[in-house]
Enquirer: 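Below you'll find the structure I mean.
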Amino acid sequence: MKTRKAFFLIPYLMWIILFVILPILLILWYSFTDSNNGFTLNNYAEFFRNGTFLRMMLNSFWYAFLITLITLLISYPAAYFLTKMKNQQLWLLLIILPTWINLLLKAYAFIGILGNNGLVNKFLQLIGIGPVNILFTDFAFIFVATYIEIPFMILPIYNAIKEINPAVIQASEDLGASRWQTFRYVLWPLSRPGVESGVQAIFIPSLSLFMLTRLIGGNRVITLGTAIEEYFMTTMNWNMGATIGVVLIVLMIVVMLITGKRSKRKKVNL
């Protein structure tokens with residue numbers, strides 16, 4: 001029986017080795033070598049010494065934080081009210097449907113919607129505001145990224161709230177807790193695992209966004225993801241691109257460790 005289980009693990013292990021471990025090792029090797037394949041630490045020294053790279057890293061964190069925060073503020077109430085609605089499966093399907101569409105297609109769709117001759121500007125012209133430069137701005141980038149990421153925040157929060165026993169909420173209200181106290185001391189702590197899963201699902205990919213920064217941000221939004229694309233596809237400096245990639249991987253691991261850390265339970269008096 002153990003031999004049979006080990007046999008079925010072989011395809012999974014081969015997949016992990018070929019498409020996860022080996023690519024990471026290859027990136028590490030490039031990051032610690034120069035153009036002549038000689039060992040060097042100059043790539044990392046250049047990254048942490050160059051203010052441009054540090055600004056890119058801060059920009060990546062800032063945009064990822066904004067996208068995650070806005071997504072959470074929208075998704076948590078939506079997930080809560082979704083648990084109270086009828087035909088929940090239908091509403092969940094409508095939330096999931098946009099994720100079936102290719103990201104590139106959604107990006108080009110928003111180019112048409114937010115462009116100077118798009119639907120938004122045509123509506124603004126009807127009410128006398130006139131055409132507004134919406135596309136290729138920070139607002140457009142954050143708006144589109146938030147729209148695309150919302151389903152990945154709603155679903156884990158919805159599942160977490162759905163698993164909460166309604167009797168717990170009712171008991172909190174019967175004991176005299178206000179709605180804010182019930183949310184703060186009962187609903188939020190019990191739904192926090194779903195929030196943490198949603199934050200991981202949004203914040204980590206947002207650190208490395210590059211397609212939306214090009215198509216929607218118009219190169220005004222510069223992050224580590226756009227820097228990696230630039231060094232690999234334009235300047236062909238794979239060593240520096242791999243170095244930025246390693247730094248980005250480390251940042252993602254740090255975020256996973258922080259958001260995945262469980263806080264100790266504390267006794268709370270209502």
Enquirer: side-chain contact (heavy atoms from CB on, under 4.5 Å), that's the test. Do Val246 and Tyr44 meet it? Break it down for me.
Expert: CA-CA 10 Å; Val246 171; Tyr44 289 95; 3.3 Å; yes
Enquirer: Any heavy-atom pair between the side chains of Phe48 and Phe53 that's under 4.5 Å?
Expert: no
Enquirer: Are there more than 12 heavy atoms of other residues, nucleotides or ligands under 6.0 Å from atom CZ of Phe143?
Expert: no
Enquirer: Is Ile150 linked to Leu105 within one hydrophobic cluster, defined over Ile, Leu, Val, Met, Phe, Trp and Tyr using a side-chain heavy-atom separation of less than 4.5 Å?
Expert: no
Enquirer: Would you check if Arg55 and Leu58 make a side-chain contact, meaning some heavy-atom pair closer than 4.5 Å?
Expert: no
Enquirer: Once you round to the nearest 0.5 Å, how far does CZ of Phe141 lie from OG1 of Thr146?
Expert: 9.0 Å
Enquirer: Just how far is it from atom CD of Gln181 to atom CZ of Arg184, taken to the nearest 0.5 Å?
Expert: 8.5 Å
Enquirer: Please work out whether the ring planes of Phe19 and Trp15 are parallel, tilted or perpendicular, with thresholds of 30° and 60°.
Expert: tilted
Enquirer: Test your reading of the model: is there a side-chain donor-acceptor pair from Ser75 to the backbone of Leu72, 3.5 Å cut-off?
Expert: no
Enquirer: Strictly by side-chain hydrogen bond (donor to acceptor under 3.5 Å, both in side chains), give each pair with a member in residues 57-74 just once, sequence neighbours left out.
Expert: Tyr63-Asp138
Enquirer: Any link between Phe139 and Ile142 through a network of hydrophobic side chains (Ile, Leu, Val, Met, Phe, Trp, Tyr) touching at under 4.5 Å?
Expert: yes
Enquirer: Classify the side-chain pair Asn50/Glu46 by whether it contains a donor and acceptor separated by less than 3.5 Å.
Expert: yes
Enquirer: Should Ile101 and Tyr108 be regarded as members of a common hydrophobic cluster, given that ILVMFWY residues are connected when their side-chain heavy atoms come within less than 4.5 Å of each other, either directly or indirectly?
Expert: no
Enquirer: Would you say Ile67 and Ile70 make side-chain contact, with heavy atoms under 4.5 Å?
Expert: no
Enquirer: Could you pull out all donor-acceptor pairs under 3.5 Å where a side-chain atom in residues 87-99 meets a protein atom, sequence neighbours excluded?
Expert:
unit_1: Gln88; atom_1: OE1; unit_2: Tyr158; atom_2: OH; d: 2.5
unit_1: Gln88; atom_1: OE1; unit_2: Lys162; atom_2: NZ; d: 3.0
unit_1: Gln88; atom_1: NE2; unit_2: Thr83; atom_2: O; d: 2.9
unit_1: Gln88; atom_1: NE2; unit_2: Met85; atom_2: O; d: 3.1
unit_1: Thr99; atom_1: OG1; unit_2: Ile96; atom_2: O; d: 2.5

Enquirer: Please name the pair of heavy atoms, one in Ser191 and one in Ile164, separated by the smallest distance, quoted to 0.1 Å.
Expert: N-CD1, 4.2 Å
Enquirer: Output the distance between atom CZ (Phe32) and atom CG (Asn43), rounded to the nearest 0.5 Å.
Expert: 9.0 Å
Enquirer: Report yes if the side chains of Val144 and Leu215 come closer than 4.5 Å at any heavy-atom pair, otherwise no.
Expert: no
Enquirer: With a 4.5 Å heavy-atom cut-off, do Met56 and Ile244 have their side chains touching?
Expert: no
Enquirer: Using side-chain heavy atoms (C-beta onward) and a distance below 4.5 Å, is Gln200 in contact with Pro156?
Expert: no
Enquirer: Are Trp188 and Met153 in one and the same hydrophobic cluster, where Ile, Leu, Val, Met, Phe, Trp and Tyr link if side-chain heavy atoms are under 4.5 Å apart?
Expert: yes
Enquirer: Ile169 and Val186: side-chain contact (heavy atoms from CB on, under 4.5 Å), yes or no, with the steps?
Expert: CA-CA 7 Å; Ile169 306 296; Val186 181; 3.7 Å; yes
Enquirer: Answer yes or no: is there a side-chain heavy-atom contact under 4.5 Å between Tyr12 and Ile16?
Expert: yes
Enquirer: Given 3.5 Å as the limit, does a donor-acceptor pair link the side chain of Ser31 with the main chain of Gly245, or not?
Expert: no
Enquirer: Should Leu22 and Val20 be regarded as members of a common hydrophobic cluster, given that ILVMFWY residues are connected when their side-chain heavy atoms come within less than 4.5 Å of each other, either directly or indirectly?
Expert: yes
Enquirer: Going by ring-ring contact (aromatic ring centres under 6.0 Å, His included), name the residues that satisfy it together with Tyr147, two or more places apart in sequence or in a different chain.
Expert: Phe110
Enquirer: Out of curiosity, Ile129 CD1 to Ile127 CD1, how far, rounded to the nearest 0.5 Å?
Expert: 3.5 Å
Enquirer: Working to the nearest 0.5 angstrom, can you tell me the gap between Ile27 CD1 and Ile228 CD1?
Expert: 8.0 Å
Enquirer: Counting C-beta onward and ignoring hydrogens, is there a side-chain heavy-atom pair between Asp34 and Asn42 closer than 4.5 Å?
Expert: no
Enquirer: Could you check whether Phe183 and Tyr80 have their ring centres less than 6.0 Å apart?
Expert: no
Enquirer: Please list all pairs passing the side-chain hydrogen bond (donor to acceptor under 3.5 Å, both in side chains) test where one or both residues lie in residues 231-240, with sequence neighbours left out.
Expert: Thr33-Asn239
Enquirer: Just jot down the side-chain contact (heavy atoms from CB on, under 4.5 Å) partners of Phe210, sequence neighbours excluded, or say none.
Expert: Thr213, Thr226, Glu229
Enquirer: For the OG atom of Ser172 and the CG atom of Leu187, what is their distance to the nearest 0.5 Å?
Expert: 9.5 Å
Enquirer: Could you go through residues 111-121 and list every donor-acceptor pair under 3.5 Å that involves a side-chain atom there, pairing it with any protein atom two or more places apart or in another chain?
Expert:
unit_1: Asn121; atom_1: OD1; unit_2: Val132; atom_2: N; d: 2.6
unit_1: Asn121; atom_1: ND2; unit_2: Gly115; atom_2: O; d: 2.8
unit_1: Asn121; atom_1: ND2; unit_2: Val132; atom_2: O; d: 3.1

